[in-house]
2 protein chains.
Amino acid sequence: MDRRQEIMEAAAKSFSLFGYKATTMDQVAKIANVGKGTIYTFFANKEELFNAIVLKMTEEMRAESDAVAVEGASFEQNAHARLMQMLKFRGTHQLYAKLIDEEKELRTPAVIEVLGQIEREIVSYIKAKIERAIAKGELKPCDSELVAFLLFKSYLALVVDWGKTHDEELSEEQISGLLSNTIFNCLLA
Amino acid sequence: MDRRQEIMEAAAKSFSLFGYKATTMDQVAKIANVGKGTIYTFFANKEELFNAIVLKMTEEMRAESDAVAVEGASFEQNAHARLMQMLKFRGTHQLYAKLIDEEKELRTPAVIEVLGQIEREIVSYIKAKIERAIAKGELKPCDSELVAFLLFKSYLALVVDWGKTHDEELSEEQISGLLSNTIFNCLLA
DNA sequence: TTATTGACCGAAATACATTTTCGGTCACTC
DNA sequence: GAGTGACCGAAAATGTATTTCGGTCAATAA
């Protein structure tokens, strides 16, 4: 069987279960049933192995985000569905959740770096969607970078931060209702 | 001279210079030229002394925020001026800046608690302003708590977070322009 | 020859023991 | 009776011994 594949699976399992710092290369080798040295024939070091696993995860996330978008639906509907999907993924996906926890608790630099990278990619992804919608004449022209940033941060605040200062989480209806009435409505052409 | 006053000033100076954790009661006593025991005749413990200093700071912040609001100006103008003022205060005021740094670096529980409290107060302050504007018919009815939260988080993201992922800070014009076209515009009655 | 391995290395983390610091008290002083 | 600072115990800091872990590479197997 493909050595590289086995190592990837072992690493994904270990990172998901124990996080980046608490995962040892010996551990990964043991789960993958390979000698430790073998890992280093495929990945230069622990961090590159980690990046490969995270890259695979972001591809999954993007696929799930694409899956909830409906061909022909409005920008608002698709943007909302996509962002909610990605934020759900954030809390549901074992590895993502573990990394967020590790960032908060341990401050592991490699984890901080990788999570920041993901956020930047999401914003840039939204930005592209906005530009497409402007080109199609669905949205009026605007600073797509700024609007993408604002949209993402708004969703993050409503989905993630709200619960920290309030007893119950916001429902998806509350969120879509609020943003539909405020930001989205004003973006329309 | 007023002992209590001297202690407050000494504590404010020390907290501003060294933060909460690195400020010792001996230090405060020395700066205030009183015996350590004297502090405890006015304040039950270090945390209460700290809370008193922070309360004074928030009163200053509120005063500065009120000072930039113009009687008779639009909700948008005043809300923008107030929020920008408070966020400027956040970075400019020595004690506030020091506490934010301490929260990030040391995670001192008393500091986390106090900064969270301040944010909650700001949101509740904005909420009251929104309700007043609704009562006056300037804004259309909305969930004031939600909108206050969204407004505050948006400003925070644009003023504070933007710089972390981009080379240059946003100008005040960019921020007011963006939010005027999006959130504010949709709130109008 | 080429792919794989695990004993081995040094740096970094951890655990442990010792010392110092610091919030808070209270017997004493003025 | 208001004010003080030596004193207390818990907690933090410091120093040191030990262990852990990422990465290497000579030996081995295929």
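Residue numbering restarts at 1 for every chain, and letters A, B, ... go by the order of the sequence lines.
One finds no side-chain N or O of R3(B) lying less than 4.0 angstrom from the OP1 or OP2 phosphate oxygen of dA2(D).
Rounding to whole angstrom units, CD of residue E48(A) and C1' of dG23(D) are separated by 13 Å. Nucleotide dT4(D) holds its P atom 11 Å from the CD atom of E6(B), rounded to whole Å. Atom pair M25(B):CE and dA6(D):P shows a separation of 17 Å (rounding to whole Å applied). Here dG5(D) presents its P atom at 15 Å from OH of Y40(B), a figure rounded to the nearest Å. The nearest whole Å value for the distance from the CZ atom in F42(B) to the C1' atom in dT4(D) is 13 Å. Atom CG in D26(A) sits about 14 Å away from atom P in dT24(D), given to the nearest Å. Taking atom CZ of R4(A) as the reference point, atom C1' of dA3(C) lies 16 Å away to the nearest angstrom. Residue I39(B) contributes atom CD1, which lies 17 Å from atom P of dC26(C) at whole-angstrom precision.
A salt bridge is absent between K56(A) and E9(A): the closest approach of a Lys/Arg side-chain nitrogen to an acidic carboxylate oxygen does not fall below 4.0 angstrom.
Using a 4.0 Å heavy-atom distance criterion, K36(A) is classed as a base contact. At the heavy-atom level, K30(A) lies nowhere under 4.0 Å from the strands shown. Residue contacts shown for T38(A) include a base, since a base heavy atom lies under 4.0 Å away.
Taking the centre and axis of the six-membered ring of Y40(A), the NZ or CZ atom of K46(A) falls outside the cone set by 45° and 6.0 Å.
Contact detail for F15(A) and K98(A): the closest heavy-atom pair is O-CG, 3.8 Å.
For the residue pair R120(A) and Q117(A), a side-chain donor N or O sits within less than 3.5 Å of a side-chain acceptor on the partner.
Aromatic pair H80(A)/Y155(A): centroids less than 6.0 angstrom apart.
Taking for each of G37(A) and T24(A) the nucleotide of DNA chain D with the nearest heavy atom, the 5'-most of the two is the partner of T24(A).
Across dA13(D), dT4(C), dG24(C), the shortest atom-to-atom separation from the side chain of K21(B) is found for dA13(D).
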